[in-house]
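Computed from a predicted structure; not experimentally measured.
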Amino acid sequence: MKDTQPQSGLRAARLLILGLVVVIVVMGVALIVMAIAGPTSTPEAGQVDALANSPDECVVCHRRTSPGIVEQFGHSSMAAAEVLCKDCHEVKADYPGAVEHEGTFVLRSPTAARCQQCHVAEVAQFNQSRHGLPAYVAFAGAESLSADLLQIYQSIPEAAPDPNRMRNSLYALEGPDVTRFACEVCHNVGLPAIDGSIGQCQKCHLRHEFSLEQVRKPETCNFCHIGPDHPQWEIYHESPHGIAYETGGESWHWQAAPGTLTVSDFPAPTCAICHISAFGTVGTSHDVGDRLTWYLFAPISGRRPSWEDNKIRMQAVCLECHNKEFVDNFYTTADAATEAVNQWVQQSDQMVAPLNDKGLLTSQPFDEPIDFTYFELWHHWGRTAKFGVWMRGPDYTQWHGAYEILSDLAELRQMVDQKLLDAGMGP
Amino acid sequence: MYYLAIAFPNIRRWRVPLTRDQLMLLMAATNEIFLGIDIYLAHSISGTIVPKEWIPIIFGPIAGLLLLVAGLIAIRRRPLATALATIVFLISIAVGLLGAYFHITRAVLPAGPVGERFTVDLLVWAPPILGPLTFSLIGLIGISATWVERPPDSGDLILLWGRHVHFPYSKTRALIFMIGLGSLATVISSVLDHARTNFENPWLWAPTTVGIFGTVVAVGLAAVNIPKRSDVLTFIAAMVMMILVGVLGSYLHIRQNLTSQGIIVGERFLRGAPFLAPLLFADMGSLGLLALFDPSEKVALGS
């Protein structure tokens, strides 16, 4: 039989040979192309302009009148997902806040209700967070809230320390000409909208690119979380996590798919990794308090409701890099430091109490030096010390925190004694 | 032609309780159901499923169940079962084409400036342009399995209401050719998906290599009128490799989605490496092996 001859042996393996030849040729071509192209960075969805020459009438017109936003949106993942301008902006004529525009009705600035059309879970989480109504109430008070909003507000854990009662009178003192450029800019992250929805998603997710990289970078949080009252931006940069970001962050995977992040994407955490992103065994949450154990912003910090659960979630992030013993030890010592700061603030309260009891303080807020010293002790230095502890910024714990508290305590003691002396009551 | 018997002559002694076409239909029904689940997961990634994205999610399980019902009906009323299965598979083809259209419109910019209408970036980052065609492929394979070829290998298919159609190739060769097309679509989808990671992981070359080999061997075998034993053995080896690479891929995707402590987190599975997608390789391999079964209908199927 010819089949047994060497010649027909080759012919017998014709399919195998054909298959192998094609594999070798295709893979060889692929390798040559890759070698010629050289090492390329991972392409990203945002590199593509999904609106290039789009016939959409909004795009056509706004490319002339406001080309910047069209360019931004064209490179967004939302445009790539076929989200149109009108999906967010266009509303019915009777929609609260609707304005007539080129034969239709639009919202100039889409509200969270519009975002909620697609991002249901994110908006629900946000509404239960400090960034929701508590942020707004902290300067505007709860009086302006509708019955529905008040009910939502009272259901939020962050409302427990009562930011409505705690709100400082500086807001009223400074007046709207100043505060619209100050307090309101940040605290309006929780501004109720005319359509009944809450908050301004665009405070963090800058329009119109809605870039993952932008919202994940600490610079975004820096917009508000900076300065003497909550210097998280400064503390982060002093911390080992911030040093890792400063020195190697440019190679991190800022556009990695949400929900899939690992230490190979982010070898060290940013604000978003610890507080929002899915990382380790913890899922994404737009409730920024979901992993926190203390109300650090309060004068005397108390435990949050379900703080034990929150702790497990935050520690799940820590455990991606640190061992359990390290993390547990850190929490034990940081808890002790928090309580130490609490005691100093309690001391300041006890010092001032006789002045309140005896009516030796003026009825006007912030009109005499002792008001500022008492306020700064907890609002600036107390918070800074606690944030420094939890975010690993030793200089902020020490010189911008604990040292300033001790200094203010001494100053406060002197001021209280002097007031009592002036009133003939003696220290 | 009983291809499997060419490779293993002794296999003629074995009797499988179901015919090749019945097994194919069972696979098609399973495919429809799993496609619905897989697409539900894929369309859930954005957190929102828009109305048109529900079409395959709803159709898949319904189609699968209808096919199972058709399988039961076939025992007594074959023509009715054939009609039902044909309708389901025709819709499946349409759903696949419609899905491919929706995905392709995201991958090309027909109105875009020259140079931006069709780019690698768009192809890589768009929804899988060939993914929905799996519905069409299953539809085609299903219809082929539904319509009886009499006599076997004649290319004469009995359609509904006793009508006949003649193809120049046997049903077996047509099935093997379609497996080749399916393998090609699978490997292209895999390459585009893995291109998002720049093929940094060497494991990513495995499905590419095996997929190309499986495609060439399947199309090659379909092109041969009288295959040699070595041809069939090569095809079997290619299909087994497809199955192995599919199972391995699924395992690697699952491992990728576990946390560092080996814990399952739903969000990571939803948004991470798609753990069902590699099984398409295994699916093609299994269908390829099934195509080699005895094409004659020796099991009584009722009237």
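Residues of residues 239-246 of chain B never come closer than 4.5 Å to chain A when only heavy atoms are counted.
Side-chain contact check for A/His119 versus B/Thr48: every heavy-atom pair is 4.5 Å or farther apart. A/Thr262 has its side chain within reach of B/Arg268: a pair of non-hydrogen atoms, C-beta onward, lies under 4.5 Å apart. Using a 4.5 Å cut-off on side-chain heavy atoms (C-beta onward), A/Phe279 and B/Val265 make no contact.
Shown here for A/Arg14 and B/Asp231, the closest heavy-atom pair between the two residues is NH2-OD2, 2.6 Å. Residues A/Glu320 and B/Ser260 approach most closely at OE2-OG, 2.7 Å, considering heavy atoms.
Residue with the most contacts toward chain A among B/Trp205, B/Phe199, B/Phe235: B/Trp205 (heavy-atom pairs, distance under 4.5 Å). Residue with the most contacts toward chain B among A/Gly259, A/Ala50, A/Ala257, A/Gly19: A/Gly259 (heavy-atom pairs, distance under 4.5 Å). For chain A, the option among B/Leu270, B/Leu233, B/Val217 with the highest count of heavy-atom pairs below 4.5 Å is B/Val217. With chain A as the partner, the residue from B/Gln261, B/Arg229, B/Arg106, B/Gln256 showing the most heavy-atom pairs under 4.5 Å is B/Arg106. If you tally non-hydrogen atom pairs under 4.5 Å between each of A/Ala256, A/Pro258, A/Gly283 and chain B, the highest count goes to A/Pro258.
Neither the backbone nor the side chain of B/Ile264 comes within contact range of chain A; no heavy atom of the residue lies under 4.5 Å from a heavy atom of that chain. Neither the backbone nor the side chain of A/Ile24 comes within contact range of chain B; no heavy atoms are under 4.5 Å apart. In this structure, the portions of A/Ala81 lying under 4.5 Å from any heavy atom of chain B include both its backbone and its side chain. If you measure heavy-atom distances from B/Pro227 to chain A, the contacts under 4.5 Å come from the backbone alone. Heavy atoms of B/Val224 lying under 4.5 Å from chain A belong exclusively to its side chain.
Atom OG1 in B/Thr234 sits 9.0 Å away from atom CG in A/Leu20 (nearest 0.5 Å). Rounded to the nearest 0.5 angstrom, A/Gln255 CD and B/Arg196 CZ are separated by 12.5 Å. A distance of 7.5 Å separates OG in B/Ser230 from CG in A/Leu15, rounded to the nearest 0.5 Å.
For A/Glu325, the CD atom sits in a loose shell: 12 or fewer heavy atoms of surrounding residues, nucleotides or ligands are nearer than 6.0 Å. Counting non-hydrogen atoms of neighbouring residues, nucleotides and ligands closer than 6.0 angstrom, the CZ atom of B/Phe102 exceeds 12 such neighbours. Within 6.0 Å of CZ on B/Phe177 lie no more than 12 heavy atoms contributed by other residues, nucleotides or ligands. Environment of CD in A/Glu57: sparse, with no more than 12 heavy atoms of neighbouring residues, nucleotides or ligands closer than 6.0 Å. Atom OH of B/Tyr169 has 12 or fewer neighbouring heavy atoms from other residues, nucleotides or ligands inside a 6.0 Å radius.
With B/Val216 as reference, A/Leu18 is the one residue of A/Val23, A/Leu18, A/Val26 to meet the side chain to side chain contact (heavy atoms under 4.5 Å, CB included) rule.
Judged purely by distance below 3.5 Å, without hydrogens or angles, the side chains of B/Glu267 and A/Thr284 pair a donor atom with an acceptor atom.
A donor-acceptor pair under 3.5 Å is absent between the side-chain atoms of A/Thr260 and the main chain of B/Gly272, judged by distance alone.
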